[in-house]
Amino acid sequence: MRSTDLIKHIPVVLTGLVLWGLAPMATADTAPGDDEYIFYPSPPNEPRLQFLTKFSSALDVSAKKKGFRDFVFGGQENEAQLLNKPYGIAVHNGAVYAVDIRGNGYAIFDLANRKTRFVRPSGAGTLVKPINITIDKDGTRYITDTEKDQILVFDAQDRFLRAFGQTGQFRPIDVAIAGDKLYVTDILHHQVHILDKSTGETLKSFAQAGSDEGQLFHPTNLSIANDGTIYITDTTNFRIQQFDGDGQFIRSIGSLGNRPGRFARPKGVALDREDRIYVVDAAFENIQILAPEGGALMFFGGPGNDRGNLSMPTAIKIDYDNVEFFQKYAAPNFEIEYLVVVANQFGLNKVAVYGYGSLRD
């Protein structure tokens with residue numbers, strides 16, 4: 001079944017919205033004009049999310065003010081796309097990073113310095129099929145490559161440092177950082193490995209192939225909560241599973257289905273500071289927001305190429321540190337608390353940026 005067939009079966013109204021008491025957004029039937037704001041949920045509900053902008057090249061930026069292109073990209077006239085088929089994204093120090101599967105590298109939208117560039121490493125650091133990128137506090141980049149079956153490490157100046165992963169060890173999809181440890185999803189062995197961040201030594205592995213609680217089948221993305229627990233997208237089991245930092249199973253969230261709180265092809269997962277859970281569904285082409293206890297709150301996105309739509313979405317990141325660069329897109333009186341950044345493999349919105357916030361009195 002195609003995603004467009006799946007999405008039409010999603011109910012228009014969610015019941016039991018535990019935290020916010022909101023109805024979900026409804027995707028607009030027609031593309032809004034450049035001067036219109038897109039909110040989720042739809043008016044007259046109180047807005048909680050606003051679509052802010054999207055970009056895939058130095059000039060492909062949707063914004064309320066035409067001058068944003070010059071502000072961010074310094075008036076460059078190169079219309080060539082920086083991104084062809086992105087998967088992983090990261091936000092660090094005023095810049096958005098997007099890994100390009102087809103481009104053998106990663107694009108950097110440097111908002112702080114008003115520049116863009118594409119990094120295509122060579123030599124031992126060559127990327128063949130890069131999937132996800134995770135950036136440490138010091139700017140060190142960890143990039144998974146499913147063709148090389150390695151995690152490649154680059155410094156803050158994009159210089160290759162080292163690679164983790166010997167032949168047959170794992171097929172890494174995503175990496176999350178917790179102190180001096182790396183948590184790595186292994187789609188080949190249906191496990192998660194805990195590595196020493198400096199040496200790449202395997203400290204522990206947990207889970208095995210299966211569909212029982214605590215077992216995984218094609219784990220893809222992961223995210224670490226405030227309390228140090230690990231949320232893992234158990235893609236082929238159509239659920240999110242939570243483990244403690246030592247790999248002990250805690251709970252399972254969701255199952256196969258076309259109702260809120262259920263999934264068809266879950267990919268990216270992220271948590272905000274209130275432990276609300278954001279889950280990307282590549283089949284429904286939307287993002288579901290779940291309460292900390294797992295109940296459905298709302299969804300946003302929807303298939304299409306209009307502003308705010310998603311097309312085969314993959315990774316999602318929540319960022320509190322770069323709001324200043326995006327507040328200018330917000331509607332009057334809408335104050336952004338944090339950013340929600342989503343990668344799309346197809347369509348016009350290769351990197352879509354939303355703002356979570358509320359209307360000021």
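Nothing here was measured: the structure is a model prediction, and the numbers come from that model.
- Among pairs with a residue in residues 195-215, those fulfilling salt bridge (Lys or Arg N to Asp or Glu O under 4.0 Å) read Asp136-Lys197, at least two apart in sequence or across chains.
- Not less than 6.0 angstrom separates the ring centroid of Phe118 from the ring centroid of Tyr106.
- Of the residues Asp319, Leu339, Val341, the one that meets the side-chain contact (heavy atoms from CB on, under 4.5 Å) test with Phe326 is Leu339.
- The aromatic rings of Phe300 and Tyr278 stand perpendicular to each other, their planes meeting at an angle above 60°, with 30° marking the opposite boundary.
- Checked against the 6.0 Å centroid criterion, the rings of Phe160 and Phe154 qualify as a close aromatic pair.
- For residues 149-173, the salt bridge (Lys or Arg N to Asp or Glu O under 4.0 Å) pairs, not counting sequence neighbours, are Arg117-Asp158, Arg141-Asp158, Asp149-Arg171, Asp155-Arg159.
- By the neighbour-count criterion of 12 heavy atoms within 6.0 Å, atom NZ of Lys181 is sparsely surrounded, having that number or fewer from other residues, nucleotides or ligands.
- Between Phe334 and Phe39, the distance separating the two ring centers is shorter than 6.0 angstrom.
- Judged purely by distance below 3.5 Å, without hydrogens or angles, the side chains of Gln241 and Asp234 pair a donor atom with an acceptor atom.
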Checklist entry - Given the rule in the side-chain hydrogen bond (donor to acceptor under 3.5 Å, both in side chains) test, do Asn132 and Tyr87 qualify, once you have shown the distances and angles that lead to the verdict? => result CA-CA 6 Å; Asn132 266 307; Tyr87 189 108; 4.9 Å; no

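- Annotation: cation-pi geometry not satisfied between Arg265 and Phe238 (NZ/CZ under 6.0 angstrom from ring centroid, within 45° of ring axis).
- Ring centroid separation for the pair His189 and Phe170 does not come in under the 6.0 Å cut-off.
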